[in-house]
Amino acid sequence: GQVYAIAVFNIGAVDAWLKFHDTPVLPTAGANVSQSYCIPGATTGAGLVFNIDKGITFLNGIAITVVDGIAVTDSTVVAAANISVNIYYK
């Protein structure tokens, strides 16, 4: 598949990281990360919205994790109630 737009929002006080995995199965946080995007944090709400005109191609499958740290291997869980993720794909 291909990802054409991303809209993510965070009401947590600290930044979180959206990580994409090119896999057909449930991804493991911190393993086989192909793309990473910062989701700014602010208790009043913050986020990231952008279009990807040519798309990002995933050969095996589109999977995501959301973690606290920037490191590719980070697997620190974030509070699910703080993050909203919308991925537009085809």
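- Note that the CG atom of Asp22 and the OG atom of Ser34 stand 5.5 Å from one another [nearest 0.5 Å].
- As a member of the Ile/Leu/Val/Met/Phe/Trp/Tyr network built from side-chain separations under 4.5 Å, Leu26 groups with nothing else and remains a singleton.
- Closest approach of Ala29 and Ser75 over heavy atoms only: O-CB, 3.5 Å.
- Residues meeting the side-chain hydrogen bond (donor to acceptor under 3.5 Å, both in side chains) test with Asn32, sequence neighbours left out: none.
- Applying the side-chain hydrogen bond (donor to acceptor under 3.5 Å, both in side chains) criterion to Tyr37, with sequence neighbours excluded, gives Gln35.
- Val78 and Ala16 get closest at one heavy-atom pair: CG1-CB, 4.1 Å.
- Cluster partners of Val72, using a side-chain heavy-atom cutoff of under 4.5 Å among ILVMFWY residues and allowing indirect links, are Val33.
- In the hydrophobic cluster analysis, where Ile, Leu, Val, Met, Phe, Trp and Tyr join through side-chain heavy atoms closer than 4.5 angstrom, Trp17 is grouped apart from Val85.
- The stretch residues 76-90 participates, sequence neighbours left out, in these side chain to side chain donor-acceptor pair (under 3.5 Å) pairs: Asp74-Thr76.
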Donor-acceptor pairs are to be reported for all side-chain atoms of residues 45-69 against protein atoms at under 3.5 Å, with residues two or more places apart or in another chain.
from, atom 1, to, atom 2, distance (Å)
Thr57, OG1, Gln2, NE2, 2.9
Thr65, OG1, His21, NE2, 2.8

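- Using a 4.5 Å cut-off on side-chain heavy atoms (C-beta onward), Ile87 and Ile6 make contact.
- No continuous path of ILVMFWY side-chain contacts below 4.5 Å connects Ile83 to Ile11, so the two sit in separate hydrophobic clusters.
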